[in-house]
Amino acid sequence: MKLYNYYRSGTSFRVRIALNLKGLSYEYIAVHLARGEQHGPAYRAVSPDSLVPVLDVAGNPDHALLSQSMAIIEYLDETHPEPPLLPRDPLGRARVRALAQTIACEIHPINNLRVLKYLADPLGLDDGRRAEWYNHWVREGLRHYERRLQLLAEERARAGLPPSVYSYGDTPTLADCCLVPQLVNGQRFGLRYDDLDIPLTLAIFERCMALDAFQRAHPSRCPDAE
Ligand SMILES: N[C@@H](CCC(=O)N[C@@H](CS)C(=O)NCC(=O)O)C(=O)O
């Protein structure tokens with residue numbers, strides 16, 4: 001498999017984590033987003049929407065190019081079921097997808113590179129105002145994530161179960177693949193989490209980052225890291 005990605009891309013980071021958790025090796029193909037390589041004709045042939053990540057599952061540029069990190073991770077989970085990244089039961093799957101989408105649908109799309117660029121030009125927001133935008137949506141989204149974790153912990157307590165080790169249950173799931181890159185991305189933008197009151201979220205982050213699969217996927221460990 002080949003993964004077209006970029007070290008600082010949070011959605012690429014999600015897929016790198018999933019590949020590592022599954023124990024799958026892949027060829028790392030860097031697309032330098034900051035230099036605009038995603039808009040060149042070579043990459044356009046791979047990704048019509050000029051976005052990373054793209055996973056080439058056949059090693060053939062003419063077919064089996066998968067886009068959208070969530071679809072890619074679910075594909076990997078279905079084709080390589082162990083260890084599962086989604087619970088077996090429908091209720092658990094819905095819960096994990098809801099957590100994952102709290103990050104992937106409510107935070108990330110309004111904060112990605114092209115949106116931040118558009119806020120600058122043509123909308124004219126300076127760096128400070130753009131940071132305000134970014135911080136607002138990340139902080140709000142993380143508070144909502146924490147609240148979901150609290151509700152799940154209460155539900156488990158009612159069933160006589162201890163709190164989850166990771167976002168949902170005792171093993172990492174799709175939700176953790178989304179959470180960790182978002183938190184790392186926020187750190188890069190100078191976001192502080194200590195005044196946010198999100199203890200469950202931060203404890204899960206630490207547990208994930210203690211795992212080799214998450215460490216190896218970190219931007220600082222990527223071949224294109226600067
Ligand atoms: N929903 C897509 C989002 C992909 C996305 O936004 N990728 C960003 C990097 S994290 C990108 O390629 N940005 C290029 C740009 O903004 O020009 C996914 O989950 O894969």
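Counting convention: from 1, in listed order, for ligands and their atoms alike. Predicted, not measured: the structure shown is a model, and the values here were computed from it.
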Keeping the roles fixed (side chain from Ser69, backbone from Val15), state whether a donor-acceptor pair exists under 3.5 Å.
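Side chain of Ser69 to backbone of Val15, a donor-acceptor pair under 3.5 Å: no, none is there.
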
Tell me if a side-chain donor or acceptor on Tyr4 pairs with a main-chain N or O of Ser47 at a distance below 3.5 Å.
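Absent.
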
Using a strict threshold of under 4.0 Å (side-chain N to carboxylate O), is an ion pair present between Arg35 and Glu226?
yes

Is Arg129 salt-bridged to Glu132, going by a charged N under 4.0 Å from an acidic O?
yes

Which atoms of ligand 1 sit under 4.0 Å from any heavy atom of Arg14?
19 (O)

Touching ligand 1 at all, [X]? Heavy atoms, strictly under 4.0 Å?
| X | result |
| --- | --- |
| Arg8 | no |
| Gly10 | yes |
| Lys117 | no |

Please report whether ligand 1 has a polar contact with Ser9, defined as an N or O pair separated by less than 3.5 Å (distance criterion only).
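N/O-N/O distance below 3.5 Å does not exist for this pair.
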
Just need the protein heavy atom nearest to [atom], so name the residue and atom and give the distance.
| atom | result |
| --- | --- |
| atom 15 (C) of ligand 1 | Gln38 NE2, 3.6 Å |
| atom 16 (O) of ligand 1 | Arg114 N, 2.9 Å |
| atom 4 (C) of ligand 1 | Val52 O, 3.4 Å |
| atom 13 (N) of ligand 1 | Leu51 CD2, 3.7 Å |
| atom 6 (O) of ligand 1 | Asn112 ND2, 3.0 Å |
| atom 20 (O) of ligand 1 | Ser69 N, 2.8 Å |

